[in-house]
Amino acid sequence: MFIHTFGPVAIQIAFAIGMALFLLIFTNAIGPKKYNPVKFDTYECGVSYFNDARGMFNVKFYLIAVIFILFDIEAVFIIPWSVIFMEFKKLGLGLFILGEMAVFLGVLVLAYIYIIKKGALKWD
Amino acid sequence: MEEWIIDILISLAKTLAFFGVILLWAAYITLGERRFASFFQNRLGPNRAGIFGLLQPLADGIKFMMKEEIIPKNANRAFYLLGPTLFITIALIPWAAIPFGDTVVIAGREVKLQIVDLNVGILFMIAVSSIGVYGIMIGGWASNNKYSLLGAIRSSAQLISYEITMGIALAAVFLLSGSLSTRDIIIAQMQSPWHWNVFVQPLGFIVFFVSILAETNRVPFDLAEAESELIVGYHTEYGAFKFAMYMLSEYINLITASALITLLYFGGWGIPFVDLGRLGLSVNLAGLISVIVFLVKTGFFVFVFIWIRWTLPRFRYDQLMNLGWKILLPLALVNLFGTAVVALLV
């Protein structure tokens, strides 16, 4: 039944959002408010700020994000495989399902070696 | 009353009780961390408010509320407010699937001590908690501060890197239990302490523990905060209660991580060599004991996290990335494949 499984989850999510909004609005309402132009400047270790912060950053981070997507999809395939593994073993198909995963992980490991050889994970 | 209305009322009660407990607990971890830090460093720590400083979290909370809320003029207002709000919302949701005890019987109804027993429990928790990255990224970007942005980018790269190793380490646990339900995983470990996954899967446990340490942004993986180089990282520009929201969520995540370790690797509410069902206790008393056992185990792992924080130095960023991608990932894969081979042979 949907209401017995995801009904309580919906309640939990509603409470969590309500709680966060309450904290945000309530605490904003009771604090003092005094305007001062310097106070609203961006923090910069004692000197006045310069430039916009949103400049360039190391491309490695972007590369990590791309590799993450690939490997996370591998994890998405591995998890259902691991959940049904024992049932296949009971049916006598254990070696088959293990072989399937061996092929899959083999491809994954090849890709992994390629990534390392290319130096995508190298931080100088 | 109709059946489903009663069910909804019960889950409402459980949710309310959970919010009370978790917020109080997270608040007191702040005190616990400061006190233990002091003891590790041979000083006393906050002990002025109340006996042993027990009122300190309350004093901190009131202070945070009375402070002026500042939104820097260069910040993106909407996203600046969205960051902490999203982060604390996401921190609170995964607990819907964590079983904090066995069952009790109230007015002839069997009530599971868990907000809901999802058949995809762990998957739900991982899926929700990985959204937390957005809370950090949005907050850091919206502040328009160099330190915040650097902290947020580092933190995001770290969180997504360690998520993979965590997922693959968990797959080996699912392989043994044949289920994603948190309750089933605990029940599969109930027979004896030697069935606890920490003994069945020692390598998997190490990989998982290191990953979860990185996922919660704790020392030695607190590169996002790294106060010696980045002030405090992604929440540099946050003050008053919005800062407290970030801190509170980090501590809630810490409790969630400890609860995950308890239920996945340390047998949940099981007491070593004692079978609660066979002691002849009433169902409700056994349920109460199970809750206490679960909370004690979780509390112990919270203490371990604090202990590690004040014992180990911080990694360098390249070391952190190398550890995640070049050591833990192959280890997790070896562990998964080895588990599958052994499970096939046994």
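What you see below is based on every heavy atom in this structure, not just the backbone, and it leaves out hydrogens, waters and symmetry mates. Numbered from 1 within each chain, the chains take letters A, B, ... in sequence-line order. Keep in mind it's a predicted model, so treat the numbers as computed, not measured.
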A:F68 versus chain B, heavy atoms under 4.5 Å apart: side chain, backbone, both or neither?
both
Heavy-atom distances under 4.5 Å only: say whether A:F88 touches chain B with side chain, backbone, both or neither.
neither
Report, as yes or no, whether the 6.0 Å neighbourhood of atom CZ on B:F79 holds more than 12 heavy atoms from other residues, nucleotides or ligands.
no
Evaluate A:I79 against B:L180 for side chain to side chain contact (heavy atoms under 4.5 Å, CB included), listing each step before the verdict.
CA-CA 9 Å; A:I79 286 175; B:L180 289 168; 4.1 Å; yes
Please flag which part of B:I10 lies under 4.5 Å from any non-hydrogen atom of chain A: side chain, backbone, both or neither.
neither
Relative to each other, are the rings of A:F6 and B:F124 parallel, tilted or perpendicular (30° and 60° limits)?
perpendicular
Between A:I67, A:L23, A:D72, which residue shows the highest count of heavy-atom pairs closer than 4.5 Å to chain B?
A:L23
Region of B:K242 in contact with chain A, defined by heavy-atom distances below 4.5 Å
side chain
What are the two closest non-hydrogen atoms of A:K33 and B:E68, and how far apart are they?
CA-OE2, 3.7 Å
Considering non-hydrogen atoms only, spot the tightest contact between B:N74 and A:R54 and give its length.
O-NH2, 4.5 Å
Under 4.5 Å, counting heavy-atom pairs only, tell me which of A:G18, A:P80, A:A102, A:A20 racks up the most with chain B.
A:A20
Just by distance, do the side chain of A:Q12 and the backbone of B:L92 share a donor-acceptor pair under 3.5 Å?
yes
Within a strict 4.5 Å, meaning less than it, do heavy atoms of the B:M245 and A:T27 side chains meet?
no
Among A:A65, A:P32, A:G94, single out the residue with the greatest number of heavy-atom pairs under 4.5 Å to chain B.
A:P32
How far apart are the closest heavy atoms of B:S161 and A:I64, and which atoms are they?
OG-CG2, 3.7 Å
Sort B:N119 into side chain, backbone, both or neither according to what part of it lies under 4.5 angstrom from a heavy atom of chain A.
neither
Between A:F57, A:W81, A:Y112, which has the largest tally of heavy atom pairs under 4.5 Å with chain B?
A:Y112
Here the pair of heavy atoms bringing B:A157 nearest to A:F61 is CB-CD2, 3.6 Å
Examine whether an atom of B:L123 lies under 4.5 Å from a heavy atom of chain A, and if so say whether it belongs to the side chain, the backbone or both; otherwise answer neither.
side chain
Can you tell which part of B:I160 gets under 4.5 Å to a heavy atom of chain A, answering side chain, backbone, both or neither?
both
At their closest point, which heavy atom of A:F40 faces which heavy atom of B:I71, and how far apart are they?
CD2-O, 3.3 Å
Checking heavy atoms, do the side chain of B:M65, its backbone, both or neither come under 4.5 Å from chain A?
both
All heavy atoms of A:A16 vs all of B:I93, minimum pair found to be CB-CG1, 4.0 Å
For B:I88, which atoms come within 4.5 Å of any heavy atom of chain A: side chain, backbone, both, or neither?
side chain
Checking heavy atoms, do the side chain of B:A240, its backbone, both or neither come under 4.5 Å from chain A?
neither
